[in-house]
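Let me begin by presenting the structure, written as structure tokens, before commenting on it.
Because only heavy atoms are used, hydrogens play no part in the values below, and waters and symmetry mates are left out as well, while side chains stay in. Letters go in sequence order (proteins before strands), and every chain restarts at 1.
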Amino acid sequence: MLSRDLLRSDSENVREKIAARGADADLVDRWVELDRNRRQLLGDLEELKRRRNEASKRIGELKRKGEDTEDLIAEVADLKGRVTGFEAEVAAVDGALEETALSFPNIAHESVPAGVDEEANRVERVVGEPRQFSFESKAHWDLGPELGILDFERGAKVAGARFTAYFGAGARLERALINFMLDLHTSQHGYREVQPPFIVNTDALIGTGQLPKFGDDLFKLEGHEYYLIPTAEVPVTNLHRQEILDEDELPVKYVAYTPCFRAEAGSYGRDVRGLIRQHQFNKVELVHLTTPETSYQALEELTASAERVLQLLELPYRVVCLSTGDMGFGAAKTYDLEVWLPGQNAYREISSCSNCEAFQARRAGLRYRPKDGGKPRFLHSLNGSALAAGRTLVAVLENYQCEDGSVLIPEVLRPYFGGLEKITAAS
RNA sequence: GGAGGGGUGGCAGAGUGGUCGAAUGCACCGGUCUUGAAAACCGGCGACCCUUCACGGGGUCCGCGGGUUCGAAUCCCGCCCCCUCCGCCA
């Protein structure tokens, strides 16, 4: 949600910024019109209510004295009818206003490159060098089944397309990656680990911006107002929904491992092979809640924490600043981490780190009380994958493959493998 | 799932139809006193919306949503959450 003050005072600017992200700018005009309308109605309504309250109070006084109240009661009855009518009107306008407000994407930060899609993304830095293979490298969808650690057919058998079963060292590698990431962020980067529910309600999804617009991408539980989480961002960011935190408690930094579930409507035909685009995947997520003054510093910090995982795993990657047109709905600025995948001869997204500024905070009621005791202010919320475990497993398999089809286990993961150094078909 | 109890301000806790946005205590902030602190005393102390340059004014909120009434924290209906016991279960 955007700030009401901004929409009122600078609607031209908002029109422009929203159009830059491919949203319908006419909605801004609609919002402004509805808002003006609402305030007019509200003024009239409150005046009627004031008169009604006053009369009711006098009825009480008169009755205590045993005086006649017939006329006043008749007057209030008349006011009551008019109040009811106005209330219905205000409720209708409120509904429309809310619906419109929830449909606006966030406004991009000034440092974000303008553009309609990923073509306009800006590469911030490239870290590490793609490995030169002395043999023909394989993609993970060949390596995994050959090693017997990834089984796409059996995943499809028990669930369907885009579900995978991990066996043996594959399952252990996924688990090792998750534990390694959690341990790193909690012990080195100052995050508090949290295990949130993997199922959330409608309010939570509105809070972080998935609803009402993107319901098609979610798995909904039949017969319930429950959804499987598409990312830990949803339950974790909403943990403090409708709360007012003390500034002393900030920043709040959480790390959470969760599975993620995405219906991915509209993605058919893309990444049909392998683990890249699944209906279920594991992810370690970082979430910050912080003050507006510190949120961009926090974005750099959060991104650096995610990068640290790739650095320690010694995987080549680059950092990309997404363009205005390529960013997600709620983000003001997003860095994607793209890992090098030899099997595809390309950098592929493995993390997305965003500052949502107050966009989610306004929706979810995330506020803090400033140290000086002033009025509560909206927090800034940030989130980022650190990292998506499935895609990290892909990167490890493809980057650490050997000529004989085995896969070396990265140094930092070996403690999680009981010292094992290599994944072979037998493991 | 069944039975019972309960949801009131930051916390505790009164309040069962009108003068209740809500007693009281604690916490917190300011002041008096004090060399300083504590104690004592005095005062202040919720959120949101509309309006105002400002001072201020008005409206809404006692879990949520409806209803009864001139008037609801208080009465009625539905829902949610918490607690206790039973059942089931990892």
Using Watson-Crick or G-U wobble geometry with both distances below 3.5 Å, tell me the partner of [N], or none.
| N | result |
| --- | --- |
| B:rU84 | B:rA3 |
| B:rU74 | none |
| B:rC28 | B:rG44 |

### Electrostatic pair A:R51:A:E54 at N-O distance under 4.0 angstrom
no

### Query
Between A:K138 and A:E146, is there a side-chain N and carboxylate O pair less than 4.0 Å apart?
yes

#### Entry: Of residues 33-45 of chain A, the positions that come close to RNA chain B - non-hydrogen atoms, cut-off under 4.0 Å
A:R38, A:R39, A:L42

### Message
Can you pull out the residues from residues 82-98 of chain A that lie within a 4.0 Å heavy-atom distance of RNA chain B?
### Response
none

Drop me the distance from [X]'s [atom1] to [Y]'s [atom2], to the nearest 0.5 angstrom.
| X | Y | atom1 | atom2 | answer |
| --- | --- | --- | --- | --- |
| A:D203 | A:N238 | CG | CG | 8.5 Å |
| A:T392 | A:L177 | OG1 | CG | 6.0 Å |
| A:I18 | A:W31 | CD1 | CH2 | 11.0 Å |

Determine the Euclidean distance between corresponding [atom1] atoms of [M] and [N]; express it in Å to zero decimal places.
| N | M | atom1 | answer |
| --- | --- | --- | --- |
| B:rG21 | B:rU35 | P | 45 Å |
| B:rC53 | B:rC64 | C1' | 39 Å |
| B:rA38 | B:rC50 | P | 41 Å |
| B:rA12 | B:rG30 | P | 25 Å |
| B:rG67 | B:rU60 | P | 16 Å |
| B:rG63 | B:rG10 | P | 13 Å |
| B:rG7 | B:rG65 | C1' | 16 Å |
| B:rC77 | B:rC85 | C1' | 27 Å |

More than 12 heavy atoms of other residues, nucleotides or ligands under 6.0 Å from [atom1] of [X]: is that the case?
| X | atom1 | value |
| --- | --- | --- |
| A:R277 | CZ | yes |
| A:R192 | CZ | no |
| A:R58 | CZ | no |
| A:D216 | CG | no |

### Query
So which nucleotide from B:rC48, B:rG46, B:rC49 ends up closest to the side chain of A:R4?
B:rC49

## Note on the structure
Judged by nearest nucleotide, the residue sitting upstream toward the 5' end of RNA chain B, A:R367 or A:E54, is A:R367

Between [atom2] on [N] and [atom1] on [X], what's the gap in Å once rounded to a whole number?
| X | N | atom1 | atom2 | result |
| --- | --- | --- | --- | --- |
| A:R8 | B:rC50 | CZ | C1' | 9 Å |
| A:L79 | B:rG58 | CG | C1' | 15 Å |
| A:Y368 | B:rA47 | OH | P | 15 Å |
| A:R241 | B:rG63 | CZ | P | 19 Å |
| A:L366 | B:rA47 | CG | P | 18 Å |
| A:Q242 | B:rC81 | CD | P | 17 Å |
| A:N53 | B:rG58 | CG | C1' | 10 Å |
| A:E46 | B:rU52 | CD | P | 13 Å |

### Task
Give the ring-plane orientation class for A:Y191 versus A:H189, where under 30° counts as parallel, over 60° as perpendicular and anything between as tilted.
perpendicular

### Task
For each nucleotide in nucleotides 68-80 of chain B, reading 5' to 3', give B when a protein heavy atom comes within less than 4.0 Å of its base, S when such contact involves only the sugar-phosphate, and - otherwise.
--BS---------

### Query
Could you go step by step and tell me if A:E174 and A:N282 meet the side chain to side chain donor-acceptor pair (under 3.5 Å) rule?
CA-CA 8 Å; A:E174 180 94 355; A:N282 294 308; 2.8 Å; yes

### Query
Between A:S381 and A:Q360, is any side-chain donor less than 3.5 angstrom from a side-chain acceptor?
yes

### Summary
Residue pairs meeting ring-ring contact (aromatic ring centres under 6.0 Å, His included), one or both in residues 243-264 of chain A, sequence neighbours left out, come to A:H240-A:Y254

Between the protein and nucleotides 26-30 of chain B, list every N/O to N/O distance that falls short of 3.5 Å.
none

### Task
Would you sort out whether A:I199 and A:L228 count as a side-chain contact (heavy atoms from CB on, under 4.5 Å), showing the intermediate values?
CA-CA 5 Å; A:I199 290 175; A:L228 298 180; 3.9 Å; yes

#### Entry: Stepwise salt bridge (Lys or Arg N to Asp or Glu O under 4.0 Å) check, A:D271 with A:R348
CA-CA 11 Å; A:D271 302 318; A:R348 290 302 303 261; 3.1 Å; yes

### Any A:K49 side-chain N or O less than 4.0 Å from OP1/OP2 of B:rC50
no

#### Entry: A:D117: partners by side chain to side chain contact (heavy atoms under 4.5 Å, CB included), with sequence neighbours left out
A:E119

